[in-house]
Amino acid sequence: MADPVEQLAAALTDAAGAPVALDRPADATHGDYATNVALQLAGKTRRPPREIADELVLAASAIDGVKQASVAGPGFVNLELADTWFTQALASVIVAGDRFGGGSAEAPERIQVEMVSANPTGPMTVAAARNGAYGDCVARLLSFAGHTVEREYYYNDAGGQMDRFRASVDAVRRGEEPPEDGYHGDYIVELAKIEGDPVPVMLGLIEAALKRFRISFDTFERQSVVEAEIPEAIALLDTYDDDGALWARTSAHGDEKDRVLRRSDGTPTYFAADAAYVRRKYAKGFDHLVYVLGADHHGYVGRLQALAEMLGHPRASLEVLIYQLVHLTKGGEATKMSKRRGDVVFLDDFIDEIGIDAARWYLVSRGHDQTIDIDIDLAAEKSAKNPVFYVQYAHARIAGILRNAREGHVPDSRPVGALAAEEKDLVKRIAEFPGVAAEAADRRAPHAVPTYAIRLADDFHRFYHHHKVLGSPEEAFRLGLCTAAKSVIARCLDLIGVDAPDSM
């Protein structure tokens, strides 16, 4: 949808003959937006930056919506915008509604996001939940940008780990302790009470926990099915024999070393299953593959991208997103929280403690490449100190204002008088959203959304503190401003899987 800031930047780009990026000056007295494009062009054109800036000021002054342009410092161009720009920007937000900020993808693709993929040997943990929350938010952002997205869960239904899991449940059924290298915990006892194979039961419990966490999958892929296709995948790769083992020449495709596909005893490796899985994904017609993997999988990036290239696809069409660990504290000390097992924190326990909204918010509030430290006491708090509560409260407050508006009173984007500073600030913040959403999707960085949402809530609360909405001469305009703010806050919360309540 229309991006007011991008449209202004595009007009300046035409004038400058080079891409222009607009920033909001830290000091509001320097204008509404600023650009350093003159400094960037100076080196290329071998001209003084202020000379270029002077020319840009003349060109900018002729752009619709620019009230005044000026040169500052060594060659910055500052822009002060007319009230008409703010009213037009607000109108575009109101017209777009919940579509505002979406559709940023220039070339929409079919993308598969594979996430969580934890073996069904125990309940979902908080560590795996970060994988799910992060991957789901990336999928939401990509979909909002205009891509067609599928979420997939890949799980191991055969092999050594699953054999030990089944053996552990069978041992408890016989009244024995699980094997030393097996699985322990109260959940094993509960599974032993249910007849049949415990793997489908455990997978069902995992799926239920994830659905509770607002993560649903389009497809579930089984390792046993994928492994059956290993011979077909190997036949497509550049391979060679060495000491009786079959190797893939992945080093010729950007990997740090070649990888064994089949051991000298004839058994396939995990990498062979990876080859079959990558082939299977592309065979479904996806343009882009995204893997969300834990911090112990850094070595997988090169080898998986090498497989993509060996199978005839661009390396860049396969992407591996690595997320870091989660640390929980309560009362200032590290906490385990789980009542059923002392060495792991289960997702259901985590949700019971702080709620789904807080759990989703905190698990994506930092960049995926950073360790997250979550203060359980703060996350559970229902006050403005808790950022998720603070943003939700802004949405609920606006919903209350709109409910109390006079019947038949339509929000408008046109003020009666001149705009106040707080009104301008709120419009500018709202107008930033398309750029925030687009960059978050492109960089696979959903943490930018809650960061922006806090700033938007700040600006709304500041506006509301200084200006009466209902019953004021500017009621229609301010209801329009509230409508736009509410829509964007709701979209931000939705993109990270958090509810936008109408009352609190």
Side-chain angles (χ1 to χ4, degrees), residues 2-90 92-93 101 104 106 366-367 369-370 418-445 447-449 451-456 458-459 462-463 488:
D3 180 341
V5 179
E6 183 58 33
Q7 289 176 338
L8 178 60
L12 283 168
T13 294
D14 290 341
V20 170
L22 293 175
D23 297 303
R24 287 178 63 179
D27 186 345
T29 62
H30 293 167
D32 296 304
Y33 291 100
T35 177
N36 65 351
V37 67
L39 297 170
Q40 296 173 352
L41 288 174
K44 297 177 182 178
T45 61
R46 297 184 179 180
R47 296 175 59 200
R50 284 189 66 93
E51 181 179 304
I52 298 173
D54 286 335
E55 294 176 359
L56 285 176
V57 162
L58 289 175
S61 299
I63 294 174
D64 184 37
V66 175
K67 181 179 180 180
Q68 180 178 318
S70 59
V71 180
F76 292 98
V77 175
N78 292 338
L79 305 175
E80 182 183 350
L81 303 182
D83 283 1
T84 53
W85 183 89
F86 292 95
T87 59
Q88 289 169 3
L90 182 60
S92 69
V93 180
S104 62
E106 293 182 5
R366 298 287 298 275
D369 56 349
Q370 300 177 36
L419 293 178
E422 294 80 14
E423 292 170 324
K424 290 182 178 181
D425 286 343
L426 185 51
V427 172
K428 283 186 286 187
R429 187 68 70 192
I430 291 169
E432 288 176 10
F433 177 64
V436 171
E439 186 174 2
D442 290 343
R443 296 180 56 199
R444 318 302 192 234
H447 67 278
V449 177
T451 298
Y452 165 79
I454 291 170
R455 291 170 180 162
L456 176 54
D458 281 341
D459 285 339
R462 190 176 303 111
F463 152 76
V488 173

Which residues share a side-chain contact (heavy atoms from CB on, under 4.5 Å) with Ala421, sequence neighbours left out = none
request  = Before giving the answer on side chain to side chain contact (heavy atoms under 4.5 Å, CB included), spell out for Val77 and Leu12 the whole-Å C-alpha distance, their side-chain angles and the decisive distance to 0.1 Å.
outcome  = CA-CA 11 Å; Val77 175; Leu12 283 168; 5.9 Å; no
request  = Identify, with sequence neighbours excluded, every residue that meets side-chain contact (heavy atoms from CB on, under 4.5 Å) alongside Ala10.
outcome  = none
ask   = Can you list the residues that meet the ring pair (Phe, Tyr, Trp, His ring centres under 6.0 Å) rule with Tyr452, with sequence neighbours excluded?
value = Phe433
ask   = Quick one: side chain to side chain donor-acceptor pair (under 3.5 Å) pairs with a partner in residues 8-18, sequence neighbours left out?
value = none
Exercise: identify the closest heavy-atom pair between Ala440 and Val449 = CB-CG2, 4.3 Å
note = Residues Gly75 and Ala53: closest non-hydrogen pair is O-CB, 3.7 Å
task = Provide the closest heavy-atom pair for Ser92 versus Pro4 in the form atom of the first, atom of the second, distance.
result = OG-CG, 3.6 Å
note = The complete set of side chain to side chain donor-acceptor pair (under 3.5 Å) pairs with one or both residues in residues 419-433, sequence neighbours excluded, reads Arg24-Glu432, Asp32-Lys428, Glu422-His467, Glu423-Arg478, Arg429-Glu432, Arg429-Asp459
ask   = Of all residues at least two apart in sequence or in a different chain, which pass the ring pair (Phe, Tyr, Trp, His ring centres under 6.0 Å) check with Phe86?
value = none
ask   = Considering residues at least two apart in sequence or located in another chain, which fulfil the side-chain contact (heavy atoms from CB on, under 4.5 Å) criterion with Ala445?
value = Arg443, His447
remark   = Residue pairs passing the ring pair (Phe, Tyr, Trp, His ring centres under 6.0 Å) test with at least one member in residues 34-54, sequence neighbours excluded, are none
remark   = Hits for side-chain contact (heavy atoms from CB on, under 4.5 Å) against Asp23, two or more places apart or cross-chain, chain-then-number order -> none
Side chain to side chain donor-acceptor pair (under 3.5 Å) contacts in which one or both residues fall within residues 43-58, not counting sequence neighbours = Arg47-Glu51, Arg47-Glu55
task = Determine whether Val5 and Pro434 make a side-chain contact, defined as any pair of heavy atoms from C-beta on separated by less than 4.5 Å.
result = no
query = Which residue pairs pass the ring pair (Phe, Tyr, Trp, His ring centres under 6.0 Å) test when at least one of the two sits in residues 14-50, sequence neighbours left out?
reply = Tyr33-Trp85
Please output the side-chain donor-acceptor pairs of residues 59-71 that fall under 3.5 Å, not counting sequence neighbours, one pair per line with the distance.
{"residue": "Ser61", "atom": "OG", "partner": "Val57", "partner atom": "O", "Å": "2.7"}

key: Close side-chain approach of Leu56 and Thr35, heavy atoms under 4.5 Å   = no
ask   = Which pair of heavy atoms, one from Ala89 and one from Val427, lies closest together, and at what distance?
value = CB-CG1, 4.2 Å
ask   = Which atoms form the tightest heavy-atom contact between Asp83 and Leu419, and what is the distance?
value = OD2-N, 3.2 Å
Pro74 to Leu39 - nearest heavy-atom pair and separation = O-CD2, 3.8 Å
